[in-house]
Amino acid sequence: MCGNNMSTPLPAIMPAAWKATAAVIFLHGLGDTGHGWAEAFAGIRSSHIKYICPHAPVRPVTLNMNMAMPSWFDIIGLSPDSQEDESGIKQARRGPVGGADRDISILQCHGDCDPLVPLMFGCLMVEKLKTLVNPANVTFKTYEGMMHSSCQQEMMDVKQFIDKLLPPID
């Protein structure tokens, strides 16, 4: 549960191959689930890391004509001045990553040809993130020609980011 009455399936978990000394929690986007991302992490996994990919609860999403789909909160519109689901966002914060500190490191990736979430929104998001955490800890990478998907270079950048922050402990 993420602070609401809708049931949410247990997260997709990829256990560490050896003794887990670190964990990565990855939150998927609108309409997705943790399963596909758990599979993506299987291709770049480090043996000492447990990967946890929670599933957002299924809820009506205003942006998509109130169709019920996995979403951490309601999305009302995509313009920068659209109304936001403040209560839903606050509920989601009490979920898997609530209370993250300002020293957390963040890697944000975005395709420069994404037709669903334009690059401009990624740029706005990274600027907002820099006001919430130490700006020096925020990395923003764009991928030429990448649409609303992932690519091998992005996944290799994710692996490098994770391995740098979470090295094995002897």
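Computation of the quantities below employed the complete heavy-atom set of this structure, encompassing side-chain atoms and omitting hydrogens, waters and symmetry-equivalent molecules. Note that the structure is predicted; figures quoted are calculated from it, not measured.
- Linking Ile, Leu, Val, Met, Phe, Trp and Tyr residues whenever their side-chain heavy atoms come within less than 4.5 Å leaves Phe26 and Leu129 in two separate clusters.
- Within the model, atoms NZ of Lys130 and CG of Asn137 stand 11.0 Å from one another, a figure rounded to the nearest 0.5 Å.
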Under 3.5 Å, which donor-acceptor pairs link side chains of residues 29-42 to any protein atom two or more places apart or in another chain?
unit_1: Asp32; atom_1: OD2; unit_2: Trp37; atom_2: NE1; d: 2.9
unit_1: Thr33; atom_1: OG1; unit_2: His35; atom_2: N; d: 3.3

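- Cluster annotation: Ile104 and Ile49 are assigned to distinct hydrophobic clusters (Ile/Leu/Val/Met/Phe/Trp/Tyr, side-chain heavy-atom contacts under 4.5 Å, transitive).
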Exercise for review: Start with the C-alpha distance between Ser46 and Asp163, add both sets of side-chain angles, then the distance that settles side-chain hydrogen bond (donor to acceptor under 3.5 Å, both in side chains), and finish with yes or no.
Suggested key: CA-CA 7 Å; Ser46 297; Asp163 289 346; 2.5 Å; yes
Exercise for review: Begin with the C-alpha distance, continue with both residues' side-chain angles, and end with the deciding distance and a verdict on side chain to side chain contact (heavy atoms under 4.5 Å, CB included) for Met120 and Leu124.
Suggested key: CA-CA 6 Å; Met120 174 190 71; Leu124 291 171; 4.3 Å; yes
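- Remark: side-chain polar atoms of Arg59 are not paired, donor with acceptor, to backbone N or O of Ala68 under 3.5 angstrom.
- Separation of atoms CD (Gln83) and CG (Asp74) is listed at 9.0 Å; rounding is to 0.5 Å.
- Nearest heavy-atom pair across Pro54 and Pro11 is CA-CB, 3.6 Å.
- His148 and Asp114 get closest at one heavy-atom pair: ND1-OD2, 2.8 Å.
- From Glu84, atom CD reaches atom CD1 of Ile76 across 8.0 Å, with rounding to the nearest 0.5 Å.
- Considering all non-hydrogen atoms of both residues, Arg45 and Lys159 come closest at O-NZ, 3.8 Å.
- Shown here are the side-chain contact (heavy atoms from CB on, under 4.5 Å) partners of Phe161, two or more places apart in sequence or in another chain: Ser105, Leu107, Leu165.
- Between the side chain of His48 and the main chain of Ala16, no donor-acceptor pair closer than 3.5 Å is present.
- Shortest non-hydrogen contact noted between Met155 and Ser150 is SD-OG, 3.5 Å.
- With sequence neighbours excluded, the residues that form a side chain to side chain donor-acceptor pair (under 3.5 Å) with Asp157 are Tyr143, Gln153.
- Within the model, atoms CD1 of Ile162 and OH of Tyr51 stand 5.0 Å from one another, a figure rounded to the nearest 0.5 Å.
- A single hydrophobic cluster is seen to contain both Val24 and Ile44, as judged by linkage of ILVMFWY side chains at heavy-atom distances under 4.5 Å, directly or through other members.
- Linking Ile, Leu, Val, Met, Phe, Trp and Tyr whenever their side-chain heavy atoms come within less than 4.5 Å puts Ile89 and Met69 in one cluster.
- Residues Asp112 and Thr142 have side chains that never bring a donor and an acceptor to within less than 3.5 angstrom of each other.
- Here CG of Leu78 is found 8.5 Å from CG of Leu116. Values are rounded to the nearest 0.5 Å.
- Closest of all the heavy-atom pairs between Gln108 and Gly122 is NE2-O, 3.0 Å.
- Of all heavy-atom pairs spanning Ala23 and Leu166, the tightest one is O-CD1, 4.0 Å.
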Practice item. In sequence, state the C-alpha distance, the side-chain angles, and the governing distance for His110 and Phe140, and then conclude on side chain to side chain contact (heavy atoms under 4.5 Å, CB included). Key: CA-CA 8 Å; His110 207 108; Phe140 184 53; 4.0 Å; yes
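- Pro167 is not listed as a side-chain neighbour of Ile169, based on a closest heavy-atom distance of 4.5 Å or more.
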Exercise for review: May I have the step-by-step check of side chain to side chain contact (heavy atoms under 4.5 Å, CB included) for His28 and Cys53, ending in yes or no?
Suggested key: CA-CA 8 Å; His28 64 77; Cys53 300; over 6 Å; no
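- A single hydrophobic cluster is seen to contain both Ile13 and Leu27, as judged by linkage of ILVMFWY side chains at heavy-atom distances under 4.5 Å, directly or through other members.
- The NZ atom of Lys90 sits 4.0 Å away from atom CD of Glu86, with the distance rounded to the nearest 0.5 Å.
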